[in-house]
Amino acid sequence: MLKDLNVDQARFVAIIARNARAQRDALLGNVAENDLGGLEPGRGEHNPTAALGFEPLPPEAPQTVALRDSIATLSETARWELYTLMRIGQGHVAAKEWHRGLSEAELLGQNVVTAALLEDPDLHDHLTKGLYETQLA
């Protein structure tokens, strides 16, 4: 399944993503969902701040820089595999359809794949779930 990316690299990126999320949440003040108003969807994303991604953080924030650097050091194929793990963790690709996730990543290109990874505030959870679903955890 994994060829260029190893499980430890995926876990490392997940840990950095968790720290970036904590930094982002601290900046947002950990506002309760009820305080934000709006309707809670019956399906899909239930976190109203998820659409913000890591945008509230300044680009030079230490955790954002660390996340960006950890993804940038990966090879092209390793980034595709990381993207596929994320998509499996999101529930958009079945673990049995690993090849479909890789094909999607290849079609999107490196810039879009990298941006998708960097804009997912739940990247830690999605990577962890992706590793679990693919029985790599």
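- Under a hydrophobic clustering in which Ile, Leu, Val, Met, Phe, Trp and Tyr are joined whenever their side-chain heavy atoms come within less than 4.5 Å, directly or via other members, Met1 and Leu74 fall into the same cluster.
- The side chain to side chain contact (heavy atoms under 4.5 Å, CB included) search around Val7 returns Leu2, Arg11, Leu131, Leu136, not counting sequence neighbours.
- Closest non-hydrogen pair, Ile16 versus Ala66, comes out as CG2-C, 3.7 Å.
- Listed by chain and number, the residues in a side chain to side chain donor-acceptor pair (under 3.5 Å) with Glu97 are Arg100 (sequence neighbours excluded).
- Among residues at least two apart or in separate chains, side chain to side chain donor-acceptor pair (under 3.5 Å) pairs with a member in residues 105-118 are Arg79-Gln110.
- Residues satisfying the side chain to side chain contact (heavy atoms under 4.5 Å, CB included) criterion with Ser75, sequence neighbours excluded, are Asp4, Thr77, Ala78.
- Listed by chain and number, the residues in a side chain to side chain contact (heavy atoms under 4.5 Å, CB included) with Thr128 are Ala14, His124 (sequence neighbours excluded).
- Note on Leu5 and Tyr132: separate hydrophobic clusters, where clusters join Ile, Leu, Val, Met, Phe, Trp and Tyr whose side-chain heavy atoms are under 4.5 Å apart, directly or indirectly.
- Among all heavy-atom pairs drawn from Gly130 and Thr134, the shortest one is O-OG1, 2.8 Å.
- Pairs of residues two or more places apart, or lying in two chains, never qualify as salt bridge (Lys or Arg N to Asp or Glu O under 4.0 Å) while including a residue from residues 128-137.
- Note: the hydrophobic cluster containing Leu117 also contains Trp98 (ILVMFWY, side chain heavy atoms under 4.5 Å, direct or indirect links).
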Under 3.5 Å donor-acceptor pairs involving side-chain atoms of residues 84-96, not counting sequence neighbours:
residue : atom : partner : partner atom : Å
Thr84   : OG1  : Trp80   : O            : 2.9
Thr84   : OG1  : Gly101  : O            : 3.3
Thr84   : OG1  : Leu102  : N            : 3.3
Arg87   : NE   : Glu104  : OE2          : 3.1
Arg87   : NH1  : Gln90   : OE1          : 3.3
Arg87   : NH2  : Glu104  : OE2          : 3.4
Gln90   : NE2  : Asp120  : OD2          : 3.4

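- Placement of Leu118 and Tyr83 within a single hydrophobic cluster is found when ILVMFWY residues are connected by side-chain heavy-atom separations under 4.5 Å, directly or transitively.
- With sequence neighbours excluded, the residues forming a side chain to side chain contact (heavy atoms under 4.5 Å, CB included) with Asn6 are Asp8, Gln9, listed by chain and number.
- Side chains of Val65 and Pro62 form no contact here, defined as non-hydrogen atoms less than 4.5 Å apart.
- Smallest separation of non-hydrogen atoms from Val13 and Leu127: CG1-CD1, 3.9 Å.
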